[in-house]
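These notes are about the structure you will find just below.
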Amino acid sequence: MGTEIERKFLVKDDSWRASADAGTRILQGYLVSDPKITVRVRIRGEAAFLTIKGATAGIRRSEFEYPIPVDDAESMLREMAVSPVIEKMRYRLPCGAHVWDLDVFGGDNAGLVLAEVELDAEEAAFEMPDWAGQEVSGDPRYYNVNLARSPFRHWSSDG
């Protein structure tokens with residue numbers, strides 16, 4: 001069984017850009033979304049994936065991901081997504097022993113920039129980059145599935 005262990009942070013400035021890669025465009029939508037299971041379709045660059053994730057327990061959850069044809073993914077996003085498609089650019093940045101994913105959201109989530117680091121264990125140590133701000137790992141508003149349901153631009157100014 002695959003397991004995802006990740007910590008997620010708000011990004012406080014643009015200093016990350018100096019060490020980022022060129023970025024990859026991501027479109028993703030959700031076919032099933034309930035507390036026990038999430039089924040996501042994602043187009044990442046020139047590849048597409050179907051991902052099944054279990055319920056979140058702290059910063060851990062089961063995850064299974066399978067490559068699928070891009071044409072199929074486009075059809076699923078267009079015809080089956082239960083909420084608006086999330087648009088983002090993903091950048092990868094090395095920091096210490098880890099590579100961070102940094103997402104700059106577009107569309108209804110424009111203005112939101114999140115960084116996440118995947119870990120081998122919940123208690124694993126990692127280097128915190130200077131551009132990483134408040135941790136939001138446990139805040140469900142920042143889960144991608146919830147950003148599809150309740151986009152960032154619709155949040156009140158007090159968060």
Side-chain angles (χ1 to χ4, degrees), residues 4-35 37-61 63 65 70 73-96 98-119 126-159:
E4 174 185 67
I5 302 170
E6 70 181 16
R7 295 189 53 189
K8 191 176 288 200
F9 299 83
L10 295 175
V11 175
K12 58 186 179 182
D13 61 44
D14 282 343
S15 62
W16 59 270
R17 290 190 184 273
S19 57
D21 68 3
T24 303
R25 183 170 187 252
I26 293 177
L27 298 174
Q28 69 186 42
Y30 295 88
L31 307 183
V32 176
S33 170
D34 71 39
I37 187 172
T38 300
V39 179
R40 175 185 77 201
V41 173
R42 173 182 279 175
I43 300 173
R44 182 175 63 223
E46 301 299 318
F49 303 89
L50 181 68
T51 306
I52 304 162
K53 295 187 179 193
T56 301
I59 60 172
R60 172 188 297 266
R61 64 182 161 178
E63 176 182 50
E65 186 168 79
V70 172
E74 289 171 344
S75 294
M76 287 182 214
L77 289 174
R78 188 174 50 255
E79 300 169 18
M80 299 177 188
V82 296
S83 54
V85 172
I86 289 182
E87 307 167 42
K88 59 187 175 181
M89 282 296 293
R90 171 160 290 169
Y91 301 90
R92 296 187 50 84
L93 299 90
C95 183
H98 295 89
V99 176
W100 288 64
D101 290 333
L102 195 140
D103 292 336
V104 178
F105 289 83
D108 285 345
N109 288 294
L112 180 61
V113 183
L114 292 174
E116 59 188 44
V117 59
E118 289 207 23
L119 304 171
F126 61 95
E127 185 176 326
M128 180 71 79
D130 292 339
W131 42 260
Q134 175 186 346
E135 183 168 8
V136 294
S137 300
D139 188 336
R141 294 178 302 167
Y142 294 98
Y143 298 169
N144 280 286
V145 66
N146 291 334
L147 290 170
R149 285 190 208 125
S150 180
F152 182 69
R153 77 176 193 153
H154 298 298
W155 295 7
S156 65
S157 60
D158 61 14

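Basis for what follows: all heavy atoms, side chains included, without hydrogens, waters or symmetry-related copies.
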Closest non-hydrogen atom pair, [X] against [Y]:
X	Y	result
E127	C95	O-SG, 3.7 Å
W100	P129	CZ2-CD, 3.3 Å
P94	S19	CD-O, 3.8 Å
A20	Y91	CB-CB, 4.0 Å
M89	G23	CE-C, 3.7 Å
D130	K12	O-CE, 2.6 Å

Are side-chain heavy atoms of [X] and [Y] found at a separation under 4.5 Å?
X	Y	result
W155	L147	yes
L10	L112	yes
N144	K88	yes
L31	L50	yes
L119	H98	yes
K53	I37	no

Within a radius of less than 6.0 Å around [atom1] of [X], do more than 12 heavy atoms belonging to other residues, nucleotides or ligands occur?
X	atom1	value
D34	CG	yes
E79	CD	yes
R25	CZ	no

Enter the distance from [X]:[atom1] to [Y]:[atom2] here, rounded to the nearest 0.5 Å.
X	Y	atom1	atom2	answer
H154	N109	NE2	CG	8.5 Å
W131	F9	CH2	CZ	9.5 Å
L114	L102	CG	CG	8.0 Å
L27	L77	CG	CG	7.0 Å
D108	E87	CG	CD	8.0 Å
R44	R90	CZ	CZ	7.5 Å

Open item on the list: Go through it in stages, so that I can follow the logic: the residues are D101 and R92, the test is side chain to side chain contact (heavy atoms under 4.5 Å, CB included), and I'd like the CA-CA distance, side-chain angles, deciding distance and then a yes or no.
Closed with: CA-CA 5 Å; D101 290 333; R92 296 187 50 84; 2.5 Å; yes
Task: Side-chain (W16) to main-chain (A132) donor-acceptor, under 3.5 angstrom - done: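 Flag not set: sc W16 to bb A132 has no pair under 3.5 Å.
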TODO: Evaluate side chain to side chain contact (heavy atoms under 4.5 Å, CB included) for Y143 paired with T56, printing each intermediate quantity in order.
DONE: CA-CA 10 Å; Y143 298 169; T56 301; 4.0 Å; yes
- [ ] Would you please name every residue forming a salt bridge (charged side-chain N to carboxylate O under 4.0 Å, His left out) with K8, sequence neighbours left out?
- [x]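 E116.
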TODO: Please check if any side-chain donor atom of R40 sits under 3.5 Å from a side-chain acceptor atom of T51, or the reverse.
DONE: yes
